[in-house]
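Each ligand, and each atom within it, is numbered from 1 in the order the structure gives.
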Amino acid sequence: MRLRQSPSFRMPKNTHMQRINSSSQIVRLREEAISEVDDILRRSGAHRFFLVVDGNAYTSSGADKFIEPSLVGRSVTRFSNFEENPKLHDVEKGVSLYKDLNPDIILTVGGGTAIDMGKLIRAVGCTGDSARSIATGSAQITQVRPPLVAVPTTSGTGSEATQFAVVCVDQEKYSIDDSSLLPEYAIVDPLLTHSLPPKITAATGLDAFCQAVESIWAVGANQESIAYASEAITLSLENLANATRDSAGSASKARMAMARAAHLSGKAINISRTTAAHALSYVITSRHNVPHGVAVALTLSPMLAYNSKVVAKDCADPRGPREVLKRIDLLLRLLDVESVSEACGKIEAMITEIGCPNSLRQVGITSAEELREIVENVNLVRLSNNPRLATADALFHLLSTDSRTCQFEGPAASVGVIA
Ligand SMILES: [Zn+2]
């Protein structure tokens, strides 16, 4: 079996040492932080406002009640007519509106899709290049741009804290990675997540948790990312189940903690990038319609078991296997367990506790053929950030012999390579 090299994903720049310039982003993370948006908009002196919002989330989160009064008497264009997971044609529609208005400021409100959409529209709208050429990396984002205010309404991807945006071009998923995509303002208000149903709270919270776990062992991890990821893991373990249960709309410490966990998880992967579990998840989401966080979590514990067996000859981290194993030990301490198998059990129990499927079989992926398709289409850039090299054969074997999915049938994969 051979892994396909997707031409679409650009390699992260300076993977090992890249840091967030925290001073380049103003973060407000507290209950009622949304009330500060009015002040930000007024102080900006902006007259032409461009809103990129998930229409449902904008009203159901209650964000509209705080933002609408600030828009009175201004020139405002709204863009909310876009599909889940950004698509090129939607970006192009948004860019056309953006150019008509030539805004002084952009405000984006919603989950990861809306925030990525806001980042993409600004990036393309400010250049003379097409959305396609920016998305595929054949043109660079170079122009000066108006400030971007990101207001998440889920506690999940932490997109407000990252310089990435994902977009689908001709069925292919492209990830743009550019420091200019980082929003200038991140307004993280846990009260905006109170109307989320338990399923979405669980799936998005799982993404925050998985990103943080992967960030710990990532080749790109450094001390700063490990600190963010460690806190995000602890917060998620203590609060995700409670946040999922708290769906009645009452204020809760758990939702505050998950808002912080998601934001820190975003900051962690903005430095370290994600690894194999994310690399495998994209096809599970696009072909099997599994929500992103759930799709990532399906392979998290198998990848933990796999990575814990890293040795010098298959270690992808230039710092060597001892350094990787040190970080896996840290992960065990954060999970408050003594062994890798106990850690896997704890992760799987948490996934089950919040009502999510925890095996490929449970999301309907039951044949060797389907598993082979997932492995063949793994994202190679994300995979190359995994601390232990993984061939197609190794991934296929790992997932097909996983104790929860061992009923896959079919011949063993043929020889495979990473790239
Ligand atoms: Zn993610």
**Q** Residues two or more places apart in sequence or in another chain: which of them pass salt bridge (Lys or Arg N to Asp or Glu O under 4.0 Å) with E231?
**A**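 Scan of E231 (salt bridge (Lys or Arg N to Asp or Glu O under 4.0 Å), adjacent residues dropped) gives R260.
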**Q** Just jot down the salt bridge (Lys or Arg N to Asp or Glu O under 4.0 Å) partners of E92, sequence neighbours excluded, or say none.
**A**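 Testing E92 for salt bridge (Lys or Arg N to Asp or Glu O under 4.0 Å), a comparison that skips the adjacent residues, returns none.
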**Q** Kindly confirm whether the Zn ion (ligand 1) is within less than 2.8 Å of some N/O/S atom in Q211?
**A**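 So Q211 does bind the Zn ion (ligand 1) by this criterion.
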**Q** For D393 and T391, which I'm curious about, is there any donor-acceptor pair between the side chains at under 3.5 Å?
**A**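 Not at all, the side chains of D393 and T391 share no donor-acceptor pair under 3.5 Å.
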**Q** Over 60° means perpendicular and under 30° means parallel, so classify the ring planes of H292 and Y282, tilted if in between.
**A**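 It falls in the parallel class, under 30°.
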**Q** Between OD1 of D207 and NE2 of H292, what angle is found at the Zn ion (ligand 1), rounded to 10 degrees?
**A**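 Value returned, to the nearest 10°, is 90°.
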**Q** Any N/O/S of C210 under 2.8 Å from the Zn ion (ligand 1)?
**A**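 For C210, the answer is no, given that no N, O or S atom comes within less than 2.8 Å of the Zn ion (ligand 1).
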